[in-house]
Amino acid sequence: MGLYNDKVMEHFMNPRNVGELENPDGQGTYGSPVCGDMMQIQIKVENDVITDAKFKTFGCGSAIASSSMATEMIIGKTIDDALSVTNKEIIDELGGLPPVKVHCSVLADHAIKCAIYDYAQKNGKTYAGLEGFDPNADEDDHDEFIEE
C-alpha cells in the first residue's frame, strides 16, 4: 500500500478551492520553518457565514490535500463552527494521513484561524474560538492541536 490513501491523492491531484479571492474579508498565512510548508487561506463572509474560501499552498501533497479539505469543510459554516474545525477532523475527512504528515493538518487548522482572526480584527468582532489565539505563534507552540 502507498503512503497516501485515494482521498488524499484525489485532493492533492485535483485540489478544490485553489486560488485567490477578490477582496477577501479575511486572510491567513501560516507556515512551518521546520518542514517548509506555507499555506494561505482567504475567506468571504456574509452574516457571519463563510460563503467562499480559497487557498494557495507551497508544500507537500499532504499540505495541499489538507488545505483543499479544510476549505471544503469551512464553506457554508458559521464563523463559530469553522473555528471549531480541528486538525483531527481534517485528517478524518481525508481518511487519514501518515503520522509524519499530521503537522500538515495542523497548519491548515491554524491558517483557518488566522484568516478568521484577520476578519475579526478588520470588523471589530470577537469570537470565543479565538480566545487566547496567537496568529504569530510558531508551529511548535501548537503541538497540543495534534491528535493522532
By side-chain hydrogen bond (donor to acceptor under 3.5 Å, both in side chains), Asn14 pairs with (sequence neighbours left out) Glu10
When rounded to the nearest 0.5 Å, the distance separating CD1 of Ile74 from OG of Ser84 is 11.5 Å
Under a side-chain separation threshold of 4.5 Å, the hydrophobic residues clustered together with Phe58 are Met38
For Ile43 and Ala115, the nearest pair of non-hydrogen atoms, with its separation, is CD1-O, 3.9 Å
For Ser67 and Phe55, the nearest pair of non-hydrogen atoms, with its separation, is CB-CD1, 3.3 Å
Separation between CD (Glu131) and OG1 (Thr126), nearest 0.5 Å, reads 9.0 Å
Contacts of Tyr117 meeting side-chain contact (heavy atoms from CB on, under 4.5 Å) (sequence neighbours excluded), chain-then-number -> Gln121, Leu130, Phe133, Pro135
Residues at least two apart in sequence or cross-chain that pass side-chain hydrogen bond (donor to acceptor under 3.5 Å, both in side chains) with Thr78, listed by chain then number, are Asp81
Donor-acceptor pairs under 3.5 angstrom involving side-chain atoms of residues 91-101: please list them, not counting sequence neighbours.
from: Asp92; atom 1: OD1; to: Lys88; atom 2: NZ; distance (Å): 3.3
from: Asp92; atom 1: OD2; to: Lys88; atom 2: NZ; distance (Å): 3.3

d(Ile116 CD1, Lys125 NZ) to nearest 0.5 Å is 12.5 Å
* Asked: Given side chains that start at C-beta, do those of Pro24 and Tyr119 come closer than 4.5 Å, heavy atoms only?
  -> no
Quick one, Thr57 and Asp37 - any side-chain contact, counting heavy atoms below 4.5 Å? no
Looking only at heavy atoms, the pair that brings Tyr4 and Ser62 closest together is CE2-OG, 2.9 Å
Residue set satisfying salt bridge (charged side-chain N to carboxylate O under 4.0 Å, His left out) with Asp118, at least two apart, ordered chain then number -> Lys122
Rounded to the nearest 0.5 angstrom, the SG-CG distance for Cys114 and Asp134 is 8.5 Å
Say whether Val49 and Met73 are linked into one hydrophobic cluster, either directly or through other cluster members, by side-chain heavy-atom distances under 4.5 angstrom.
no
OG of Ser68 to CZ of Phe12, rounded to nearest 0.5 Å, is 11.5 Å
To the nearest 0.5 Å, atom CG of Asn17 lies from atom OG1 of Thr71 at 3.5 Å
Closest non-hydrogen contact found for Asn87 with Asp109 is N-OD2, 3.4 Å
side-chain contact (heavy atoms from CB on, under 4.5 Å) filter on Asp52, not counting sequence neighbours, yields Leu21, Lys44, Lys54, Ile75
Applying side-chain contact (heavy atoms from CB on, under 4.5 Å) to Ala108 and not counting sequence neighbours gives Met39, Ser66, Ala70, Ile90
side-chain hydrogen bond (donor to acceptor under 3.5 Å, both in side chains) filter on Asp80, not counting sequence neighbours, yields none
Residues at least two apart in sequence or cross-chain that pass side-chain hydrogen bond (donor to acceptor under 3.5 Å, both in side chains) with Asp48, listed by chain then number, are Tyr127
Applied to residues 60-73, the salt bridge (charged side-chain N to carboxylate O under 4.0 Å, His left out) test, sequence neighbours excluded, yields Arg16-Glu72
